[in-house]
Amino acid sequence: QVQLVESGGGLVQAGGSLRLSCAASGLTFSRSGMGWFRQASGKEREFVAAINWSGSSTSYGESVKGRFTISRDNTKNTVYLGMISVKPEDTGVYYCAATGTVALSTTSRLFKYWGQGTQVTVSS
């Protein structure tokens, strides 16, 4: 059974920083592309960042480029999302997802496994 467990969310002031973590189990993590998506209240789920199996390739949504960094540690079966210069519009539930394949993907329908999400709230 695949499990993705996010942590690190919380309340942060605008301009601050936060690091989310996602611990994976039940899949061959080192052979899976990973991604982060977010969903604000009343809005559709939005692509945030993705990384391929080795960490050699990454992709970011336009609204977070230059502020967020996705990384992974295959020895710990964990993927991270570093967030700096956060804005109120970054508020939402952040979901970790795994494709189950080695490729990097940015489309939510290509992610086979999903975590329960962690809330990030940015105050102005």
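Just so it is clear, the structure is predicted and the values come from calculations on it, not from any experiment.
By the 6.0 Å and 45° rule, R45 stacks over the aromatic ring of Y95.
Judged purely by atom type and a 3.5 angstrom limit, E6 uses its side chain to pair as donor or acceptor with the backbone of G117. Proximity of a side-chain donor or acceptor of T91 to a complementary backbone N or O of T121 within less than 3.5 Å is not detected. Side-chain N or O atoms of T28 include none that pairs as donor or acceptor with a backbone N or O of S30 at under 3.5 Å. Panel note: side chain N52, backbone S56; a donor-acceptor pair is recorded below 3.5 Å. No side-chain donor-acceptor contact under 3.5 Å links R31 to the backbone of W53.
Minimum interatomic distance between A98 and M34 (heavy atoms only, all atoms of both residues): CB-SD, 3.5 Å.
Outside the 6.0 Å centre-distance limit, the rings of Y60 and F47 are not counted as a close aromatic pair.
Under a hydrophobic clustering in which Ile, Leu, Val, Met, Phe, Trp and Tyr are joined whenever their side-chain heavy atoms come within less than 4.5 Å, directly or via other members, Y80 and W114 fall into different clusters.
The disulfide bond (SG atoms under 2.5 Å apart) analysis of residues 6-122, with sequence neighbours excluded, yields the pairs C22-C96.
Inspection of the S63 and R38 side chains reveals an N or O donor paired with an N or O acceptor under 3.5 Å. For the residue pair T107 and S105, no side-chain donor N or O sits within less than 3.5 Å of a side-chain acceptor on the partner.
Put simply, the side chain of T69 does not reach to within 4.5 Å of the side chain of L81, judged on heavy atoms.
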